[in-house]
Amino acid sequence: MRTFLVVIALGLGLYAWKSASAFSLPVHRPVPGGVAILELGEPSDWESPPQAFFQEKRVLTVLHNNQWKAVVGISLDHPLGKATVTVRNAEQYKPLPITTPPTLNKKVSSAAFEKSFEVGGKDYAAQYLTVAPKHVELSETNLRRVRTEQPVIRAAFEAFSTTVPSTFEMITPVVGPRSSSFGLRRFFNNQPRRPHSGMDIAAPTGTPVVAPAPGKVIETGDYFFNGKTIFIDHGQGLITMFCHLDSIEVKKGQAVLPGERVATVGATGRVTGPHLHWSIALNGALVDPALFLAQN
Ligand SMILES: [Zn+2]
(Lines give C-alpha, C1' and ligand atoms only; values in the text may rest on other atoms or scores of the structure.)
Protein backbone atom coordinates (compact mmCIF):
# COMPACT_ATOMS: atom_id res chain seq x y z
CA MET A 1 0.00 0.00 0.00
CA ARG A 2 2.81 2.39 0.94
CA THR A 3 4.63 1.69 -2.32
CA PHE A 4 1.39 2.36 -4.17
CA LEU A 5 1.00 5.79 -2.49
CA VAL A 6 4.63 6.69 -3.22
CA VAL A 7 4.06 5.83 -6.87
CA ILE A 8 0.94 8.05 -6.91
CA ALA A 9 2.81 10.91 -5.20
CA LEU A 10 5.70 10.61 -7.67
CA GLY A 11 3.23 10.54 -10.52
CA LEU A 12 1.46 13.68 -9.28
CA GLY A 13 4.80 15.40 -8.69
CA LEU A 14 5.90 14.59 -12.20
CA TYR A 15 2.58 15.82 -13.56
CA ALA A 16 2.90 19.14 -11.64
CA TRP A 17 6.46 19.57 -12.92
CA LYS A 18 5.33 18.79 -16.46
CA SER A 19 2.45 21.25 -16.42
CA ALA A 20 4.64 24.00 -14.92
CA SER A 21 7.44 23.84 -17.49
CA ALA A 22 6.43 21.17 -19.97
CA PHE A 23 6.18 23.29 -23.07
CA SER A 24 9.31 23.68 -25.14
CA LEU A 25 10.15 26.78 -27.12
CA PRO A 26 11.02 26.70 -30.83
CA VAL A 27 14.68 26.16 -31.72
CA HIS A 28 16.79 29.29 -31.14
CA ARG A 29 18.28 29.98 -34.56
CA PRO A 30 18.91 33.70 -35.08
CA VAL A 31 19.27 33.68 -38.88
CA PRO A 32 17.06 35.11 -41.66
CA GLY A 33 13.96 32.91 -41.63
CA GLY A 34 14.78 31.72 -38.11
CA VAL A 35 13.73 32.45 -34.54
CA ALA A 36 15.62 34.27 -31.76
CA ILE A 37 14.80 33.47 -28.11
CA LEU A 38 15.79 36.40 -25.88
CA GLU A 39 15.80 36.36 -22.07
CA LEU A 40 14.05 39.39 -20.58
CA GLY A 41 14.53 38.71 -16.87
CA GLU A 42 12.72 37.01 -14.01
CA PRO A 43 9.10 37.73 -13.08
CA SER A 44 10.32 39.76 -10.07
CA ASP A 45 12.13 42.12 -12.48
CA TRP A 46 8.79 43.23 -13.91
CA GLU A 47 5.83 45.04 -12.34
CA SER A 48 3.68 43.72 -15.18
CA PRO A 49 4.37 41.28 -18.02
CA PRO A 50 6.95 42.73 -20.43
CA GLN A 51 5.89 43.61 -23.94
CA ALA A 52 8.39 43.51 -26.78
CA PHE A 53 8.50 45.04 -30.25
CA PHE A 54 10.66 44.19 -33.25
CA GLN A 55 10.62 46.41 -36.34
CA GLU A 56 7.56 48.12 -34.82
CA LYS A 57 5.66 44.83 -34.60
CA ARG A 58 4.56 43.27 -31.34
CA VAL A 59 6.63 40.22 -30.41
CA LEU A 60 5.51 37.07 -28.58
CA THR A 61 6.57 37.08 -24.89
CA VAL A 62 6.17 34.07 -22.61
CA LEU A 63 7.11 33.02 -19.09
CA HIS A 64 9.30 29.91 -19.47
CA ASN A 65 11.42 28.25 -16.74
CA ASN A 66 11.02 31.31 -14.49
CA GLN A 67 12.26 33.70 -17.20
CA TRP A 68 10.34 36.09 -19.38
CA LYS A 69 11.38 35.33 -22.93
CA ALA A 70 10.76 37.04 -26.26
CA VAL A 71 10.26 34.64 -29.19
CA VAL A 72 11.23 36.74 -32.22
CA GLY A 73 10.57 35.84 -35.85
CA ILE A 74 13.28 37.01 -38.28
CA SER A 75 12.21 37.48 -41.91
CA LEU A 76 14.13 35.86 -44.77
CA ASP A 77 15.15 39.28 -46.10
CA HIS A 78 16.47 40.53 -42.74
CA PRO A 79 20.03 41.89 -43.06
CA LEU A 80 22.83 40.12 -41.16
CA GLY A 81 24.34 41.76 -38.09
CA LYS A 82 22.92 43.52 -35.05
CA ALA A 83 19.14 43.53 -34.51
CA THR A 84 17.30 45.17 -31.63
CA VAL A 85 14.08 44.42 -29.75
CA THR A 86 12.45 47.12 -27.62
CA VAL A 87 10.99 45.94 -24.30
CA ARG A 88 8.70 47.65 -21.81
CA ASN A 89 6.24 47.06 -18.98
CA ALA A 90 2.68 46.46 -20.13
CA GLU A 91 1.54 49.56 -18.17
CA GLN A 92 3.65 51.78 -20.39
CA TYR A 93 1.50 50.90 -23.34
CA LYS A 94 -1.77 52.20 -24.62
CA PRO A 95 -4.43 49.45 -24.67
CA LEU A 96 -4.11 47.69 -28.00
CA PRO A 97 -7.03 46.35 -30.00
CA ILE A 98 -6.97 42.60 -30.47
CA THR A 99 -6.12 41.22 -33.96
CA THR A 100 -4.96 44.62 -35.26
CA PRO A 101 -1.19 44.70 -35.72
CA PRO A 102 -0.12 46.97 -32.83
CA THR A 103 2.58 49.52 -33.53
CA LEU A 104 5.08 51.15 -31.25
CA ASN A 105 3.75 54.07 -29.22
CA LYS A 106 6.57 56.48 -29.98
CA LYS A 107 5.61 58.95 -27.22
CA VAL A 108 6.74 56.63 -24.42
CA SER A 109 9.59 54.89 -26.21
CA SER A 110 12.14 56.63 -23.94
CA ALA A 111 10.87 54.47 -21.04
CA ALA A 112 11.87 51.30 -22.87
CA PHE A 113 15.03 49.23 -22.78
CA GLU A 114 16.61 47.60 -25.79
CA LYS A 115 17.78 44.05 -26.18
CA SER A 116 20.17 43.32 -29.03
CA PHE A 117 21.08 40.10 -30.75
CA GLU A 118 23.14 39.06 -33.77
CA VAL A 119 21.51 37.78 -36.95
CA GLY A 120 23.91 35.25 -38.46
CA GLY A 121 24.14 33.94 -42.02
CA LYS A 122 22.47 30.84 -43.37
CA ASP A 123 23.01 29.35 -46.81
CA TYR A 124 19.71 28.06 -48.07
CA ALA A 125 19.84 25.77 -51.10
CA ALA A 126 19.26 27.20 -54.58
CA GLN A 127 17.08 25.80 -57.37
CA TYR A 128 17.35 26.79 -61.04
CA LEU A 129 14.37 26.12 -63.29
CA THR A 130 13.77 26.81 -66.95
CA VAL A 131 10.10 27.59 -67.57
CA ALA A 132 8.05 29.00 -70.45
CA PRO A 133 7.66 32.79 -70.06
CA LYS A 134 3.85 32.44 -69.93
CA HIS A 135 4.27 30.60 -66.60
CA VAL A 136 6.27 33.47 -65.11
CA GLU A 137 4.55 36.57 -66.43
CA LEU A 138 1.10 37.47 -65.12
CA SER A 139 -1.74 38.86 -67.22
CA GLU A 140 -3.22 42.27 -66.28
CA THR A 141 -6.29 40.56 -64.78
CA ASN A 142 -4.26 38.13 -62.69
CA LEU A 143 -1.88 40.87 -61.58
CA ARG A 144 -4.87 42.92 -60.37
CA ARG A 145 -6.21 39.89 -58.52
CA VAL A 146 -2.84 39.25 -56.84
CA ARG A 147 -2.62 42.90 -55.76
CA THR A 148 -6.03 42.75 -54.05
CA GLU A 149 -5.19 39.45 -52.34
CA GLN A 150 -1.78 40.46 -50.98
CA PRO A 151 -3.07 42.86 -48.26
CA VAL A 152 -5.55 40.22 -47.03
CA ILE A 153 -2.78 37.62 -46.72
CA ARG A 154 -0.42 40.13 -45.05
CA ALA A 155 -3.12 41.19 -42.55
CA ALA A 156 -3.66 37.54 -41.56
CA PHE A 157 0.09 37.01 -41.05
CA GLU A 158 0.33 40.18 -38.95
CA ALA A 159 -2.68 39.46 -36.73
CA PHE A 160 -1.89 39.65 -33.02
CA SER A 161 -4.20 38.23 -30.36
CA THR A 162 -3.36 38.39 -26.65
CA THR A 163 -3.82 34.63 -26.04
CA VAL A 164 -0.50 33.04 -25.02
CA PRO A 165 0.18 29.87 -27.08
CA SER A 166 -0.19 26.79 -24.88
CA THR A 167 2.47 24.99 -26.92
CA PHE A 168 5.14 25.78 -29.50
CA GLU A 169 5.63 22.17 -30.50
CA MET A 170 3.68 21.54 -33.69
CA ILE A 171 2.30 18.32 -35.11
CA THR A 172 3.16 17.77 -38.79
CA PRO A 173 -0.13 18.80 -40.48
CA VAL A 174 0.13 16.12 -43.20
CA VAL A 175 2.01 12.84 -43.32
CA GLY A 176 4.22 12.73 -46.41
CA PRO A 177 7.69 13.43 -47.76
CA ARG A 178 9.02 17.00 -47.67
CA SER A 179 9.10 17.97 -51.33
CA SER A 180 10.58 21.44 -50.82
CA SER A 181 12.20 23.02 -47.79
CA PHE A 182 11.80 26.49 -46.34
CA GLY A 183 14.22 29.14 -47.61
CA LEU A 184 14.97 27.50 -50.98
CA ARG A 185 16.31 30.27 -53.26
CA ARG A 186 14.53 29.95 -56.59
CA PHE A 187 15.60 31.13 -60.03
CA PHE A 188 13.26 30.93 -63.03
CA ASN A 189 15.16 31.35 -66.32
CA ASN A 190 18.05 32.65 -64.19
CA GLN A 191 15.86 35.42 -62.73
CA PRO A 192 15.75 35.39 -58.90
CA ARG A 193 12.23 34.84 -57.51
CA ARG A 194 11.08 35.13 -53.92
CA PRO A 195 12.64 32.38 -51.76
CA HIS A 196 10.36 29.58 -50.63
CA SER A 197 8.52 30.87 -47.56
CA GLY A 198 7.20 27.56 -46.25
CA MET A 199 7.60 23.81 -46.16
CA ASP A 200 6.05 21.64 -48.90
CA ILE A 201 4.76 18.21 -47.99
CA ALA A 202 3.77 15.94 -50.88
CA ALA A 203 0.55 13.96 -50.47
CA PRO A 204 -2.26 12.84 -52.79
CA THR A 205 -5.33 15.03 -53.27
CA GLY A 206 -7.84 14.34 -50.50
CA THR A 207 -5.26 13.49 -47.78
CA PRO A 208 -6.47 15.02 -44.48
CA VAL A 209 -4.70 18.16 -43.16
CA VAL A 210 -4.80 18.57 -39.37
CA ALA A 211 -4.28 21.60 -37.12
CA PRO A 212 -0.66 21.48 -35.88
CA ALA A 213 -1.48 23.11 -32.51
CA PRO A 214 -4.51 24.62 -30.74
CA GLY A 215 -5.76 27.85 -32.23
CA LYS A 216 -8.51 29.71 -34.00
CA VAL A 217 -9.18 30.00 -37.73
CA ILE A 218 -8.80 33.71 -38.52
CA GLU A 219 -9.09 33.69 -42.31
CA THR A 220 -9.91 31.39 -45.22
CA GLY A 221 -9.79 32.17 -48.93
CA ASP A 222 -9.04 31.07 -52.46
CA TYR A 223 -6.06 33.01 -53.80
CA PHE A 224 -4.31 33.16 -57.18
CA PHE A 225 -0.93 31.77 -56.05
CA ASN A 226 -1.86 29.99 -52.80
CA GLY A 227 -5.18 28.48 -53.90
CA LYS A 228 -7.62 27.46 -51.16
CA THR A 229 -6.01 28.58 -47.92
CA ILE A 230 -6.56 28.54 -44.14
CA PHE A 231 -4.88 30.76 -41.53
CA ILE A 232 -4.83 29.62 -37.89
CA ASP A 233 -3.96 32.01 -35.05
CA HIS A 234 -2.18 30.19 -32.20
CA GLY A 235 -1.80 33.33 -30.09
CA GLN A 236 0.48 36.37 -29.82
CA GLY A 237 1.34 36.60 -33.49
CA LEU A 238 2.08 32.89 -34.03
CA ILE A 239 0.12 32.16 -37.22
CA THR A 240 0.13 29.08 -39.46
CA MET A 241 -1.01 29.04 -43.11
CA PHE A 242 -2.04 26.02 -45.23
CA CYS A 243 -2.23 26.40 -49.01
CA HIS A 244 -3.30 24.63 -52.23
CA LEU A 245 -6.09 22.82 -50.33
CA ASP A 246 -8.69 20.76 -52.15
CA SER A 247 -11.34 21.34 -49.47
CA ILE A 248 -11.61 23.67 -46.47
CA GLU A 249 -13.53 22.04 -43.60
CA VAL A 250 -13.45 24.87 -41.03
CA LYS A 251 -14.99 28.33 -40.83
CA LYS A 252 -13.48 31.68 -39.93
CA GLY A 253 -13.72 32.14 -36.14
CA GLN A 254 -13.73 28.40 -35.40
CA ALA A 255 -11.51 27.07 -32.58
CA VAL A 256 -9.38 24.04 -33.50
CA LEU A 257 -7.50 21.44 -31.45
CA PRO A 258 -4.15 19.86 -32.34
CA GLY A 259 -4.69 16.91 -34.65
CA GLU A 260 -8.20 18.07 -35.63
CA ARG A 261 -8.96 17.69 -39.34
CA VAL A 262 -9.32 21.12 -40.97
CA ALA A 263 -8.88 20.52 -44.71
CA THR A 264 -7.65 18.16 -47.42
CA VAL A 265 -4.55 18.35 -49.60
CA GLY A 266 -5.11 19.60 -53.13
CA ALA A 267 -3.54 21.33 -56.11
CA THR A 268 -5.41 24.66 -56.11
CA GLY A 269 -3.59 27.90 -57.01
CA ARG A 270 -0.26 28.01 -58.82
CA VAL A 271 1.11 24.48 -58.44
CA THR A 272 2.46 21.64 -60.55
CA GLY A 273 0.94 18.87 -58.41
CA PRO A 274 -0.91 18.15 -55.17
CA HIS A 275 0.98 19.06 -51.98
CA LEU A 276 0.55 21.08 -48.80
CA HIS A 277 2.43 24.35 -48.52
CA TRP A 278 2.76 25.14 -44.80
CA SER A 279 3.98 28.53 -43.55
CA ILE A 280 4.52 29.86 -40.03
CA ALA A 281 4.56 33.57 -39.20
CA LEU A 282 5.88 35.12 -35.99
CA ASN A 283 5.52 38.89 -35.52
CA GLY A 284 4.61 39.02 -39.22
CA ALA A 285 7.88 37.32 -40.31
CA LEU A 286 7.72 33.99 -42.15
CA VAL A 287 9.99 31.51 -40.39
CA ASP A 288 11.03 27.88 -40.90
CA PRO A 289 8.26 25.46 -39.75
CA ALA A 290 10.96 22.83 -39.07
CA LEU A 291 12.02 24.88 -35.98
CA PHE A 292 8.62 24.05 -34.42
CA LEU A 293 8.62 20.30 -35.05
CA ALA A 294 9.36 17.91 -32.18
CA GLN A 295 12.22 16.08 -33.92
CA ASN A 296 14.40 19.21 -33.89
ZN1 LIG B 1 5.53 25.79 -51.07
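Heavy-atom basis, side chains included; hydrogens, waters and symmetry copies ignored. One-based numbering, in listed order, for ligands and for the atoms of each.
For His277, the N/O/S atom at the shortest distance from the Zn ion (ligand 1) is named ND1. In Asp200, the N, O or S atom that comes nearest to the Zn ion (ligand 1) is OD1. Restricting His196 to its N/O/S atoms, the shortest distance to the Zn ion (ligand 1) is reached by NE2.
Glu249 and Ser247 share a side-chain donor-acceptor pair at under 3.5 Å.
Here Lys82 does not pair with Glu118 in a salt bridge; the nearest charged N to carboxylate O distance is not below 4.0 Å.
Residue contact annotation: His275 places no N/O/S atom under 2.8 Å from the Zn ion (ligand 1).
Within the 4.5 Å cutoff, the side chain of Val31 has no heavy atoms near those of the Ile74 side chain.
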Side-chain polar contacts of residues 211-225 - donor-acceptor pairs under 3.5 angstrom, sequence neighbours left out - could you list them?
none

